[in-house]
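See structure below.
Chain identifiers are assigned alphabetically (A, B, ...) following the order of the sequence lines, protein sequences preceding nucleic acid strands; residue numbering begins at 1 within each chain. Fair warning: this is a prediction, and the values are worked out from it, not measured in the lab.
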2 protein chains.
Amino acid sequence: MKIGELAKLTGVSVRSLRYYESQGLISPVRLANGYREYSPLAVETVETIKLYLNLGLTTEEIAGFLHCVLKNKEAFCAEVMPLYESKLKEIERQLHQLTQIKLNLEERMASIRRERELSGAETLAKAGEEGF
Amino acid sequence: MKIGELAKLTGVSVRSLRYYESQGLISPVRLANGYREYSPLAVETVETIKLYLNLGLTTEEIAGFLHCVLKNKEAFCAEVMPLYESKLKEIERQLHQLTQIKLNLEERMASIRRERELSGAETLAKAGEEGF
DNA sequence: ATAGACCCTGACACCAGTGTCAGGGTCAAC
DNA sequence: GTTGACCCTGACACTGGTGTCAGGGTCTAT
């Protein structure tokens, strides 16, 4: 099948399919006219790529084990677990950081609300301007 | 003071100080030789900028109310609350997404571990398959 | 007067995948 | 034989703060 058809079948844009190819994730043969020709199996390959991208892996990381998981069960691909582990650590780090920011933000919001309850509307109205 | 001194006092790189200026966050005067000359108050300004950047605000967003919070209490600056609110929503969205990814990742890791425990290669227990 | 520390502007690189445009080729149907 | 759908490559933009380099000016102490 040609690239447009694969794009429709997978919901991935033509642009992205070409990008995946440039990253070594999928290698269609070329017809005499230069068009990419994909095997029907390419649909599964692209779905697999989508799955890993949704797990937060990069195309480069996926390239390291994609051909293994397409052939075998994931559990047989030694590269996968360490990658998952480090990715999980990274995500936990980000979660922690975001949570921290969220707490700070909520704290400041609560503090502003408290302060506004204490002050009269006219104090708010005459709040000054400008100045560096 | 000159830019290098301000950088040392605040722990912010010279590069970043120039960037903040380009974003309209701080406006040092210029000496005859073209050097930036910062008032001692600039230290506080930069600390304030750091604080807001750490809350996940962008320099553009900070530019919208920095004037005001430097002059008044934060609670008097009308621009701040809506910004905090939308930023909080955004962070909650990201937290949700990351949490989802984390769950999927953990699910797949558990599935791999299960499969490896039954590690007779021909034992095709269909325990964990395709988390999407 | 010269070394060395400090300052200036401008510009590219980075992350990473996707959109989009330009400029041009191929193919099938009518 | 022309129209229109589809394909090709190459390249820029975007997000946004920071590092870093190039190429050059200024200041101070020796």
For A:Arg36 and C:dT26, give me the distance from atom CZ to atom C1', rounded to whole Å. 15 Å
Expressed in angstrom and rounded to an integer, what is the separation of B:Ile3 atom CD1 from D:dC27 atom P? 16 Å
Please report, rounded to the nearest Å, how far the P atom of D:dT9 is from the CG atom of A:Leu17. 13 Å
If I take atom CZ in residue B:Arg30 and atom P in nucleotide D:dG25, what distance separates them, rounded to the nearest angstrom? 17 Å
For B:Leu95 against B:Thr99, the heavy-atom pair lying closest together: O-OG1, 2.6 Å
Could you please name the option among C:dA11, D:dC8, D:dG17 that lies closest to any side-chain atom of B:Arg15? C:dA11
Can a side chain N or O of B:Thr59 be found less than 4.0 Å away from OP1 or OP2 on D:dG16? no
Measure up the B:Phe65 and B:Tyr52 rings against each other and bin them: parallel (under 30°), tilted (30 to 60°), perpendicular (over 60°). perpendicular
Expressed as a whole number of angstroms, how long is the span from A:Glu37:CD to C:dT26:P? 17 Å
note: B:Lys2, atom NZ; C:dC8, atom C1'; distance rounded to Å ~ 13 Å
Rounded to whole Å, how long is the line connecting atom CG of A:Leu31 with atom P of D:dC6? 17 Å
Can you say whether a donor on the side chain of A:Tyr35 sits under 3.5 Å from an acceptor on the base of C:dG25, or the other way round? yes
Answer yes or no: does a side-chain N or O of A:Thr58 lie under 4.0 Å from OP1 or OP2 of C:dA16? no
Regarding A:Glu117 and A:Arg113, does a basic nitrogen lie under 4.0 Å from an acidic carboxylate oxygen? no
N or O in side chain of A:Asn33 less than 4.0 angstrom from C:dG25 OP1/OP2: no
Does OP1 or OP2 of D:dG17 have a side-chain N or O of B:Ser16 closer than 4.0 Å? no
Starting at atom CE of A:Met1, determine the distance to atom P of D:dC6, rounded to an integer number of angstrom. 16 Å
In plain terms, say whether A:Glu5 and A:Lys2 are close enough for a salt bridge, that is, a side-chain N and a carboxylate O under 4.0 Å apart. no
Contact class for A:Arg18 (heavy atom, under 4.0 Å): base, sugar-phosphate, or nothing? base
Is any NZ, NE, NH1 or NH2 atom of the basic residue among B:Arg93 and B:Glu90 found under 4.0 Å from an Asp or Glu carboxylate oxygen of the other? yes
Phosphate oxygens OP1/OP2 of C:dG17: is one of them under 4.0 Å from a side-chain N or O of A:Tyr19? yes
